[in-house]
Amino acid sequence: HPCGAVGSLSSNRRQTTRMSTFADLGVPTPLVDALAATGITSPFPVQTLTLPDALAGRDVAGKAKTGSGKTLAFGLPTLTRVGKGSPRRPAALVLAPTRELATQIAEELEPLGKAVDRTVSVVYGGASMETQVKKLLRGVDVVVATPGRLIDLVQRGDAILDAVEIVTVDEADRMAD
(Lines give C-alpha, C1' and ligand atoms only; values in the text may rest on other atoms or scores of the structure.)
Protein backbone atom coordinates (compact mmCIF):
# COMPACT_ATOMS: atom_id res chain seq x y z
CA HIS A 1 0.00 0.00 0.00
CA PRO A 2 1.29 3.48 -0.76
CA CYS A 3 1.75 5.62 2.31
CA GLY A 4 -0.57 8.61 2.63
CA ALA A 5 1.45 11.74 3.17
CA VAL A 6 0.65 13.52 6.37
CA GLY A 7 2.18 16.97 6.25
CA SER A 8 1.54 20.00 8.35
CA LEU A 9 -2.00 21.25 8.59
CA SER A 10 -1.16 24.52 6.83
CA SER A 11 0.32 22.76 3.78
CA ASN A 12 -2.86 20.71 3.33
CA ARG A 13 -5.42 23.35 4.27
CA ARG A 14 -6.50 24.01 0.66
CA GLN A 15 -7.34 20.36 0.13
CA THR A 16 -9.21 19.83 3.38
CA THR A 17 -11.21 22.94 4.18
CA ARG A 18 -14.13 21.87 1.99
CA MET A 19 -14.39 18.57 3.86
CA SER A 20 -15.99 19.64 7.11
CA THR A 21 -17.98 16.59 8.17
CA PHE A 22 -17.19 12.93 8.72
CA ALA A 23 -19.53 12.06 5.86
CA ASP A 24 -17.62 14.43 3.55
CA LEU A 25 -14.45 12.55 4.44
CA GLY A 26 -15.98 9.20 3.46
CA VAL A 27 -16.99 7.80 6.84
CA PRO A 28 -19.98 5.46 6.39
CA THR A 29 -23.39 6.65 7.58
CA PRO A 30 -23.74 4.16 10.48
CA LEU A 31 -20.49 5.46 11.96
CA VAL A 32 -21.41 9.10 11.30
CA ASP A 33 -24.70 8.48 13.11
CA ALA A 34 -22.97 6.70 16.01
CA LEU A 35 -20.53 9.60 16.37
CA ALA A 36 -23.36 12.13 16.27
CA ALA A 37 -25.20 10.20 19.00
CA THR A 38 -22.20 10.86 21.26
CA GLY A 39 -22.05 14.53 20.28
CA ILE A 40 -19.15 14.22 17.84
CA THR A 41 -20.13 15.91 14.59
CA SER A 42 -17.01 17.66 13.28
CA PRO A 43 -13.64 16.06 12.61
CA PHE A 44 -10.46 17.32 14.24
CA PRO A 45 -7.58 18.39 11.95
CA VAL A 46 -5.70 15.06 12.28
CA GLN A 47 -8.88 13.25 11.22
CA THR A 48 -9.46 15.58 8.28
CA LEU A 49 -5.91 14.95 7.09
CA THR A 50 -5.81 11.18 7.54
CA LEU A 51 -9.32 9.77 7.06
CA PRO A 52 -9.53 10.01 3.25
CA ASP A 53 -6.25 8.13 2.76
CA ALA A 54 -6.87 5.59 5.52
CA LEU A 55 -10.43 4.91 4.34
CA ALA A 56 -9.00 4.31 0.85
CA GLY A 57 -6.72 1.63 2.31
CA ARG A 58 -3.48 3.59 2.19
CA ASP A 59 -0.93 3.33 4.96
CA VAL A 60 -0.90 6.48 7.07
CA ALA A 61 1.52 7.79 9.68
CA GLY A 62 0.39 10.64 11.88
CA LYS A 63 1.72 12.58 14.81
CA ALA A 64 -0.52 14.74 16.96
CA LYS A 65 -0.88 15.78 20.57
CA THR A 66 -2.90 13.93 23.19
CA GLY A 67 -6.59 14.74 22.84
CA SER A 68 -6.30 15.61 19.15
CA GLY A 69 -8.51 12.79 17.88
CA LYS A 70 -5.93 10.21 16.82
CA THR A 71 -8.00 7.26 18.07
CA LEU A 72 -10.84 8.07 15.70
CA ALA A 73 -8.32 8.90 12.95
CA PHE A 74 -7.22 5.26 12.91
CA GLY A 75 -10.30 3.67 14.49
CA LEU A 76 -12.90 4.80 11.98
CA PRO A 77 -10.99 3.46 8.95
CA THR A 78 -10.24 0.25 10.82
CA LEU A 79 -13.89 -0.34 11.67
CA THR A 80 -14.91 0.59 8.13
CA ARG A 81 -12.45 -1.63 6.29
CA VAL A 82 -11.92 -4.62 8.55
CA GLY A 83 -13.51 -7.97 7.83
CA LYS A 84 -14.92 -10.32 10.42
CA GLY A 85 -12.57 -12.14 12.73
CA SER A 86 -12.91 -15.81 13.55
CA PRO A 87 -12.11 -17.84 16.66
CA ARG A 88 -8.57 -16.96 17.80
CA ARG A 89 -8.03 -14.97 14.57
CA PRO A 90 -8.74 -11.24 14.81
CA ALA A 91 -8.94 -9.31 11.56
CA ALA A 92 -7.37 -6.11 12.94
CA LEU A 93 -4.80 -5.39 15.61
CA VAL A 94 -4.18 -2.17 17.51
CA LEU A 95 -1.02 -2.17 19.61
CA ALA A 96 -0.75 0.21 22.56
CA PRO A 97 2.12 0.56 25.04
CA THR A 98 0.05 0.56 28.24
CA ARG A 99 -3.07 -1.15 29.52
CA GLU A 100 -4.57 2.26 30.30
CA LEU A 101 -4.22 3.39 26.70
CA ALA A 102 -5.36 0.02 25.35
CA THR A 103 -8.46 0.19 27.55
CA GLN A 104 -9.17 3.77 26.50
CA ILE A 105 -8.91 2.86 22.81
CA ALA A 106 -11.18 -0.16 23.18
CA GLU A 107 -13.76 1.84 25.14
CA GLU A 108 -13.85 4.45 22.39
CA LEU A 109 -14.05 1.96 19.50
CA GLU A 110 -16.36 -0.69 20.96
CA PRO A 111 -19.64 1.29 20.70
CA LEU A 112 -18.70 2.48 17.21
CA GLY A 113 -17.96 -1.11 16.21
CA LYS A 114 -21.50 -2.10 17.16
CA ALA A 115 -22.79 0.41 14.61
CA VAL A 116 -21.05 -1.54 11.82
CA ASP A 117 -21.37 -5.04 13.30
CA ARG A 118 -17.73 -5.27 14.37
CA THR A 119 -16.50 -6.48 17.74
CA VAL A 120 -13.64 -4.90 19.67
CA SER A 121 -11.84 -6.52 22.58
CA VAL A 122 -8.88 -5.47 24.70
CA VAL A 123 -6.09 -7.73 25.98
CA TYR A 124 -3.41 -6.65 28.46
CA GLY A 125 -1.40 -8.01 31.33
CA GLY A 126 -2.61 -7.75 34.89
CA ALA A 127 -6.12 -8.88 33.99
CA SER A 128 -7.67 -12.33 33.78
CA MET A 129 -6.18 -14.15 30.82
CA GLU A 130 -9.08 -16.62 30.96
CA THR A 131 -11.63 -13.87 30.29
CA GLN A 132 -9.55 -12.49 27.42
CA VAL A 133 -9.07 -15.95 25.89
CA LYS A 134 -12.83 -16.64 26.04
CA LYS A 135 -13.46 -13.53 23.95
CA LEU A 136 -10.80 -14.55 21.43
CA LEU A 137 -12.31 -18.03 21.19
CA ARG A 138 -15.71 -16.52 20.32
CA GLY A 139 -14.07 -14.49 17.56
CA VAL A 140 -13.15 -10.83 17.72
CA ASP A 141 -12.84 -8.49 14.76
CA VAL A 142 -10.51 -5.89 16.32
CA VAL A 143 -8.10 -6.68 19.15
CA VAL A 144 -6.51 -3.83 21.08
CA ALA A 145 -3.46 -5.22 22.85
CA THR A 146 -0.36 -4.46 24.82
CA PRO A 147 2.67 -6.21 23.36
CA GLY A 148 3.45 -8.38 26.39
CA ARG A 149 -0.01 -9.91 26.69
CA LEU A 150 -0.29 -10.36 22.94
CA ILE A 151 3.01 -12.26 22.89
CA ASP A 152 1.74 -14.49 25.72
CA LEU A 153 -1.49 -15.21 23.86
CA VAL A 154 0.31 -15.96 20.60
CA GLN A 155 2.82 -18.27 22.30
CA ARG A 156 -0.04 -20.18 23.96
CA GLY A 157 -1.89 -20.49 20.64
CA ASP A 158 -4.84 -18.49 21.95
CA ALA A 159 -4.26 -15.70 19.41
CA ILE A 160 -3.29 -16.45 15.82
CA LEU A 161 -2.40 -13.41 13.75
CA ASP A 162 -2.36 -14.88 10.23
CA ALA A 163 -5.73 -13.28 9.37
CA VAL A 164 -4.85 -9.75 10.51
CA GLU A 165 -5.64 -7.31 7.68
CA ILE A 166 -5.02 -4.02 9.48
CA VAL A 167 -2.39 -3.11 12.05
CA THR A 168 -2.18 0.12 14.01
CA VAL A 169 0.67 0.98 16.34
CA ASP A 170 -0.48 3.73 18.67
CA GLU A 171 2.23 5.79 20.34
CA ALA A 172 4.84 4.08 18.18
CA ASP A 173 7.55 6.33 19.63
CA ARG A 174 6.88 4.92 23.12
CA MET A 175 6.70 1.38 21.78
CA ALA A 176 10.24 1.72 20.39
CA ASP A 177 11.70 2.65 23.80
Side-chain angles (χ1 to χ4, degrees), residues 4 21-23 25-125 127 131-147 149-150 153 159 161 163-172 174-175:
T21 69
F22 286 104
L25 296 170
V27 176
T29 302
L31 287 172
V32 172
D33 293 345
L35 288 167
T38 66
I40 301 171
T41 57
S42 299
F44 285 114
V46 69
Q47 297 158 353
T48 301
L49 289 170
T50 58
L51 284 172
D53 282 332
L55 287 165
R58 294 184 190 93
D59 294 339
V60 176
K63 181 178 180 180
K65 294 180 181 181
T66 299
S68 63
K70 292 185 301 292
T71 301
L72 291 180
F74 67 75
L76 294 171
T78 298
L79 293 171
T80 299
R81 296 185 57 82
V82 73
K84 298 293 281 178
S86 61
R88 293 192 177 108
R89 288 180 162 83
L93 174 64
V94 178
L95 289 173
T98 66
R99 67 180 171 196
E100 293 81 13
L101 181 58
T103 299
Q104 177 185 340
I105 293 166
E107 287 174 353
E108 190 165 352
L109 297 185
E110 190 171 12
L112 296 172
K114 289 178 182 175
V116 288
D117 191 33
R118 294 296 179 264
T119 55
V120 178
S121 187
V122 62
V123 297
Y124 55 82
T131 301
Q132 295 172 0
V133 168
K134 283 181 183 177
K135 289 181 182 179
L136 289 169
L137 289 174
R138 284 195 302 264
V140 175
D141 304 321
V142 179
V143 169
V144 182
T146 57
R149 179 51 57 100
L150 181 64
L153 291 166
L161 305 180
V164 171
E165 305 166 2
I166 298 170
V167 176
T168 299
V169 181
D170 198 8
E171 295 196 13
R174 290 190 58 200
M175 300 278 266

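Quantities reported herein were computed from a predicted structural model and do not represent experimental measurements.
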- Item | For the student: nearest non-hydrogen atoms of Val116 and Pro30, plus distance | CG1-CB, 4.1 Å
- Check whether any side-chain heavy atom of Val94 lies under 4.5 Å from a side-chain heavy atom of Val143, and answer yes or no. no
- Would you indicate whether the side-chain heavy atoms of Val140 and Val120 approach each other to under 4.5 Å? no
- Query: Would you say Leu51 and Leu76 make side-chain contact, with heavy atoms under 4.5 Å?
  - Reply: yes
- Hey, what do you get for CD1 (Ile105) to CG (Leu72), rounding to the nearest 0.5 Å? 11.0 Å
- Quick one: does Leu150's side chain get under 4.5 Å of Leu161's, heavy atoms only? yes
- Query: Which pair of non-hydrogen atoms, one from Leu109 and one from Gly75, has the smallest distance, and what is that distance?
  - Reply: CD2-CA, 3.6 Å
- Item | Side chain Arg58, main chain Thr50, donor-acceptor under 3.5 Å | no
- Query: Hey, does the side chain of Thr119 reach the backbone of Asp141 with a donor-acceptor pair shorter than 3.5 angstrom?
  - Reply: yes
- Any donor-acceptor N/O pair, Glu110 side chain to Ser121 backbone, under 3.5 Å: no
- Where do Gln132 and Val122 come nearest, in terms of heavy atoms and distance? CG-O, 4.0 Å
- Query: Thr98 versus Thr146: any side-chain heavy-atom pair under 4.5 Å?
  - Reply: no
- Item | Nearest-0.5 Å distance, OG1 of residue Thr71 to CG of residue Leu101 | 6.5 Å
- Task: Kindly compute the distance separating OG (Ser86) from CG (Leu136), expressed to the nearest 0.5 Å.
- Result: 10.5 Å
- Message: Are the side chains of Ile166 and Leu93 in contact, using a 4.5 Å heavy-atom criterion?
- Response: no
- Message: Please check this pair: side chain of Gln47 against backbone of Phe44, looking for a donor-acceptor N/O pair closer than 3.5 Å.
- Response: yes
- Validation row: Leu35, Phe22 side chains within 4.5 angstrom (heavy atoms): yes
- Are the side chain of Asp170 and the backbone of Ala96 linked by a donor-acceptor contact shorter than 3.5 Å? no
- So how far is it from Thr168 OG1 to Leu95 CG, rounded to the nearest 0.5 Å? 8.5 Å
- Query: Is a donor on one side and an acceptor on the other found under 3.5 Å between the side chain of Lys70 and the backbone of Lys65?
  - Reply: yes
- Lys84 atom NZ, over 12 foreign heavy atoms within 6.0 Å: yes
- Do Arg81 side-chain atoms and Leu55 backbone N/O form a donor-acceptor pair below 3.5 Å? yes
- Message: Is the shortest side-chain heavy-atom distance between Thr21 and Thr41 below 4.5 Å?
- Response: no
- Message: Keeping Arg118 on the side-chain end and Val82 on the backbone end, is there a donor-acceptor pair under 3.5 Å?
- Response: yes
- Item | Residue pair Thr78 / Ala92: nearest heavy atoms and the distance that separates them | CG2-CB, 3.8 Å
